[in-house]
Each structure stands twice: as C-alpha cells, then as structure tokens.
Peer 1: 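Starting off with a structure, shown below.
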Amino acid sequence: MGETCEAAISAASEALLKNDDALAAAAENAEEELDCQEREVEDLCLKLLLRQQPVAGDLRKISAALKMISDLERIGDQAADIAELARAIHVPVDNLHIADMTEAVIRMVTDSVDAFVRQDLELARAVYAADDQVDALFDRVKQELIALIAADASNGGLGLDLLMVAKYLERIGDHATNVAEWVEYSLTGVHPNSQ
C-alpha cells in the first residue's frame, strides 16, 4: 500500500506539473488499487485476530495496521483529488513550491511505512519533524498564490485550484504523520497524542 501511495502521489503531481492526463489517470487508478488493498489487508488482520487471538505486542501491531491502512487509503483519495484538479489546470506551476511539497510528502509516506516494516521508532519520529517542513511549505505556497492573484485578479480560479492541491498535499503529510504515530504505538504501547 505504501508503494501504491507513493506512485499515486507522484503520478498526480507529475500530471499537474506536466499537464499530462495519462498521469492523472494513473493516479486515479492507483487510488482504486488502494481501495482493494485496504480491503485485503483489513481481511487479513481480522482473520489474524479471529484465528490467532494475539495479545500484547502482536495485538498492538495488528490494531495499528488496521488504523494505518485507513490513512494510506485516504492518501490515495487525496492523490486522486490532485489528479482531478490537474486535469483542469493547464498552465505551468513549476515556479511554486508545490513540487517541493510533493517530494516532502512522498518521503514522509515512504519513511512512515518503512518505520513500520523495520520497526524503527526513530524513523517514525523523524516523520513528525518532516510534517513541520510540509506545513511551512504550505504557508509559502499560500503566500505565493496570494501574490499571483494580487498581480492579476483573473488568476483567482487558478489560485483556488492550486490552493486545493497544496491543501491536499498538506493533508497527505498529516496522514503520513498518523501512520508514524501508529508505528510508535505498535512499538511502545503508547500513542504519542495520549501523552
């Protein structure tokens, strides 16, 4: 699911940056694949719960996985939303920091999933810090869009579409952070937001 999320985000952002409808379609297809993968992982987790009746650390891992797959599925939804907007935006957007946001959120998704696979608490916690970077980039994009609209009011619709893209990217970062928090819970038994 992590790889599929990365592919969806990458295809959606490339569709936006290159005005490529085929890449937008690839992001939308990845979202559909994520829906199927979520159901498969959920079924597997439920079977493990029913057949194995896990306790302690094993139970935490399974319950954390059930939470993580919801966030990964939402990442796919938001990548598909970006792809949909990319189909309507037909101007270059490479002078904005949207590409930087995309790289940062893909790295966050990769690191949060890798943290779970490797059982790496420090990598999970590094995702929290990366979220601050994405939030700062979101603020920067907002300022760039304000300047774009202030320079020419006819850019208002474009500015709103690009603001939505940036917001979807910011939310993807939040979902990657949620995944990292569930990794911490699976390893420590304590969710970072409960402290």
Side-chain angles (χ1 to χ4, degrees), residues 1-17 23 26-27 30-31 33-34 37-38 41 60-61 63-83 85-86 93-146 162-195:
M1 284 187 78
E3 289 176 6
T4 306
C5 284
E6 293 166 24
I9 300 164
S10 182
S13 66
E14 288 295 311
L16 176 69
L17 297 173
L23 286 169
E31 188 272 330
E33 185 178 335
L34 279 164
Q37 290 172 337
E38 179 189 28
V41 173
R60 280 197 315 270
K61 284 180 189 169
S63 62
L66 285 167
K67 295 288 192 173
M68 285 185 240
I69 61 173
S70 294
D71 281 299
L72 292 173
E73 189 275 334
R74 289 296 300 140
I75 288 170
D77 290 344
Q78 287 160 344
D81 291 337
I82 292 169
L85 285 167
V93 295
D94 54 352
N95 59 333
L96 300 174
H97 282 85
I98 290 175
D100 296 333
M101 285 186 76
T102 301
E103 289 175 24
V105 298
I106 288 173
R107 191 169 40 257
M108 287 177 71
V109 170
T110 300
D111 288 350
S112 63
V113 172
D114 284 351
F116 182 68
V117 171
R118 295 186 210 158
Q119 301 293 284
D120 186 335
L121 183 58
E122 293 310 310
L123 184 57
R125 289 178 174 165
V127 173
Y128 310 156
D131 190 47
D132 293 338
Q133 176 193 8
V134 170
D135 291 343
L137 284 167
F138 177 64
D139 290 339
R140 193 168 196 178
V141 169
K142 284 194 301 188
Q143 293 307 311
E144 291 168 341
L145 293 174
I146 289 169
L162 291 173
L163 181 62
M164 290 300 300
V165 168
K167 186 61 181 173
Y168 289 137
L169 290 169
E170 188 270 336
R171 290 296 300 140
I172 289 171
D174 291 343
H175 286 295
T177 300
N178 290 346
V179 170
E181 290 171 350
W182 286 111
V183 171
E184 181 166 343
Y185 169 77
S186 74
L187 295 172
T188 66
V190 178
H191 193 282
N193 286 336
S194 67
Q195 297 173 357

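All figures in this text were calculated on a predicted structure; none of them were measured in a lab.
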Peer 1: Would you check if Val190 and Glu184 make a side-chain contact, meaning some heavy-atom pair closer than 4.5 Å?
Peer 2: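 Answer no - side chains too far apart.
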
Peer 1: Quick one: are Thr177 and Val134 in side-chain contact, heavy atoms under 4.5 Å?
Peer 2: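 No; the side chains remain at least 4.5 Å from each other.
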
Peer 1: Once rounded to the nearest 0.5 Å, what's the spacing between atom CE of Met108 and atom CD1 of Ile75?
Peer 2: 8.5 Å

Peer 1: Nearest 0.5 angstrom please: Asp139 CG to Glu170 CD, how far?
Peer 2: 9.0 Å

Peer 1: Can Ser13 and Ile98 be said to form a side-chain contact (heavy atoms from CB on, under 4.5 Å), step by step?
Peer 2: CA-CA 8 Å; Ser13 66; Ile98 290 175; 5.9 Å; no

Peer 1: Supply the atom-to-atom distance Leu163 CG to Lys142 NZ, rounded to the nearest 0.5 angstrom.
Peer 2: 7.5 Å

Peer 1: What heavy-atom pair brings Ala99 and Leu17 nearest, and what distance separates the two atoms?
Peer 2: CB-CD1, 4.0 Å

Peer 1: I'd like to check Val183 versus Met68 (side-chain heavy atoms, cut-off strictly below 4.5 Å). Are they in contact?
Peer 2: yes

Peer 1: Got a second to check how far Gln37's CD is from Glu73's CD, nearest 0.5 Å?
Peer 2: 11.0 Å

Peer 1: Give the C-alpha distance, both sets of side-chain angles, the deciding distance and a yes or no for side-chain contact (heavy atoms from CB on, under 4.5 Å) between Arg107 and Gln133.
Peer 2: CA-CA 12 Å; Arg107 191 169 40 257; Gln133 176 193 8; 4.1 Å; yes

Peer 1: Is any side-chain heavy atom of Gln78 less than 4.5 Å from a side-chain heavy atom of Lys167?
Peer 2: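 SC-SC contact between Gln78 and Lys167 ruled out.
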
Peer 1: Atom CG in Leu169, atom CG in Asp174: separation rounded to 0.5 Å?
Peer 2: 11.0 Å

Peer 1: Indicate yes or no: at least one non-hydrogen side-chain atom of Leu187 is less than 4.5 angstrom from one of Asp120.
Peer 2: no

Peer 1: Working note: Arg74 + Asp71, criterion salt bridge (charged side-chain N to carboxylate O under 4.0 Å, His left out); need CA distance, chi angles, decisive distance, verdict.
Peer 2: CA-CA 5 Å; Arg74 289 296 300 140; Asp71 281 299; over 6 Å; no

Peer 1: In the structure I gave you, are the side-chain heavy atoms of Leu162 and Val141 within less than 4.5 Å of one another anywhere?
Peer 2: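 Sidechains of Val141 and Leu162: no contact.
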
Peer 1: Taking C-beta and beyond as the side chain, do Leu16 and Leu85 meet within less than 4.5 Å on heavy atoms?
Peer 2: no

Peer 1: Do you know which two heavy atoms are closest between Ile9 and Val105, and how far apart they sit?
Peer 2: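 Smallest interatomic distance, heavy atoms only, reads CG2-CG2, 4.1 Å.
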
Peer 1: Minimum heavy-atom separation for Arg60 and Ser186, please, with both atom names.
Peer 2: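 So the two residues come closest at NE-O, 3.4 Å.
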
Peer 1: Give me the atom names and distance for the closest heavy-atom approach of Ala30 to Thr4.
Peer 2: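 In terms of heavy atoms, the two residues are closest at O-CG2, 3.5 Å.
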
Peer 1: So for atom CD, which belongs to Gln119, do other residues, nucleotides or ligands contribute more than 12 heavy atoms lying within a distance under 6.0 Å?
Peer 2: yes

Peer 1: For the residue pair Ala65 and Phe116, what are the closest heavy atoms and their distance?
Peer 2: CB-CZ, 4.3 Å

Peer 1: Hey, can you tell me if His191 and Trp182 have their rings parallel, tilted or perpendicular (30° and 60° cut-offs)?
Peer 2: perpendicular

Peer 1: Looking only at heavy atoms, which two atoms of Ala79 and Ala27 are closest? And how far apart?
Peer 2: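 Smallest interatomic distance, heavy atoms only, reads O-CB, 4.4 Å.
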
Peer 1: Within the side chain of Glu144, is there an N or O that forms a donor-acceptor pair under 3.5 Å with the backbone of His97?
Peer 2: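 The answer is yes, because a donor-acceptor pair under 3.5 Å joins these two groups.
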
Peer 1: Taking the side chain as every heavy atom from C-beta outward, state whether Met1 and Val41 have any pair of such atoms under 4.5 Å apart.
Peer 2: yes

Peer 1: For the NE2 atom of His175 and the SG atom of Cys5, what is their distance to the nearest 0.5 Å?
Peer 2: 10.0 Å

